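Predicted, not measured: the structure shown is a model, and the values here were computed from it. Residues take their numbers from the sequence shown, with the count starting at 1.
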Amino acid sequence: QVQLVESGGGLVQTGGSLTLSCEVSGGSFSTYAMGWFRDSPGKEREFVAIITWSGDTTRYADSVRGRFTISKDTAKNTVYLQMHTLKPDDTAVYYCGADPWYSGSLYQMSQRYKFWGQGTQVTVSS
């Protein structure tokens with residue numbers, strides 16, 4: 001019943017910035033963990049970042065730590081991914097996912113996440 005809609009993708013030059021949004025609706029998601037993942041050709045779905053709706057717990061992949069920031073606006077039911085110092089290797093379709101079974105431990109495996117958005121394309125030109 002929970003629905004996720006990503007937006008904000010586009011074309012950006014190496015070193016540039018982009019902010020993605022994930023609007024959440026349709027269910028009781030206040031106890032969920034929310035994650036950003038990305039798909040690129042020839043690679044498995046890759047964990048990017050996680051945040052909880054309740055509290056301020058976050059986790060980042062080593063490849064984006066220090067460059068990306070995950071945040072939320074509970075009043076807007078929206079999770080954000082601020083991306084800075086973008087590199088061509090960041091090119092991917094970015095997906096927002098929801099882990100409804102969160103109870104204190106954050107999981108990086110995509111299989112943990114039950115609900116997904118449609119994805120938004122991020123392309124970083126060199």
_Atom CG of Asp73: over 12 foreign heavy atoms under 6.0 Å_ =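 More than 12 heavy atoms, drawn from other residues, nucleotides or ligands, come within 6.0 Å of this atom.
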Is there a path of hydrophobic side-chain contacts, each under 4.5 Å between heavy atoms of I/L/V/M/F/W/Y residues, joining [Y] to [X]?
X: Ile51; Y: Tyr102; result: no
X: Val64; Y: Ile70; result: yes
X: Leu81; Y: Met34; result: yes
X: Met83; Y: Val93; result: no

Which atoms form the tightest heavy-atom contact between [X] and [Y], and what is the distance?
X: Tyr107; Y: Ile50; value: O-CD1, 3.1 Å
X: Arg38; Y: Ser63; value: NH2-OG, 3.6 Å
X: Gly119; Y: Glu6; value: N-OE1, 2.9 Å
X: Ala98; Y: Pro100; value: O-CD, 3.3 Å
X: Leu106; Y: Thr58; value: CD1-C, 4.3 Å
X: Ala49; Y: Tyr60; value: CB-CD2, 3.7 Å

Rounded to the nearest 0.5 Å, what's the gap from [atom1] on [X] to [atom2] on [Y]? Could you check?
X: Asp90; Y: His84; atom1: CG; atom2: NE2; result: 12.0 Å
X: Thr52; Y: Asp99; atom1: OG1; atom2: CG; result: 11.0 Å
X: Asp56; Y: Lys72; atom1: CG; atom2: NZ; result: 7.0 Å
X: Met109; Y: Arg45; atom1: CE; atom2: CZ; result: 14.5 Å

_Carboxylate-amine/guanidinium contact Arg65 Asp62, below 4.0 Å_ =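 Yes, this pair counts.
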Side chains of [X] and [Y]: closer than 4.5 Å at any heavy-atom pair?
X: Tyr95; Y: Asp39; answer: yes
X: Pro88; Y: Thr14; answer: yes
X: Gln121; Y: Thr123; answer: yes
X: Phe115; Y: Gln3; answer: no
X: Tyr32; Y: Trp53; answer: yes

*Step by step, work out the ring-ring contact (aromatic ring centres under 6.0 Å, His included) result for Trp36 and Tyr94.*
CA-CA 7 Å; Trp36 285 99; Tyr94 284 71; 7.2 Å; no
*Report yes or no: does Thr91 contribute a side-chain atom to a donor-acceptor pair with the main-chain N or O of Val124 at less than 3.5 Å?*
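Here the side-chain-to-backbone pair exists.
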_Side-chain donor/acceptor of Thr120 to backbone N/O of Gly9, under 3.5 Å_ = yes
*Under the criterion side-chain contact (heavy atoms from CB on, under 4.5 Å), which of Leu4, Val5, Leu20, Thr78 is the partner of Cys96?*
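With Cys96 as partner, side-chain contact (heavy atoms from CB on, under 4.5 Å) holds for just one option, Leu4.
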*Under 6.0 Å between ring centres, would you say that holds for Trp116 and Phe37?*
yes
*Distance-only side-chain donor-acceptor flag, Ser21 / Glu23, under 3.5 Å*: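 There is no such pair (donor and acceptor under 3.5 Å, judged by atom type) between the side chains of Ser21 and Glu23.
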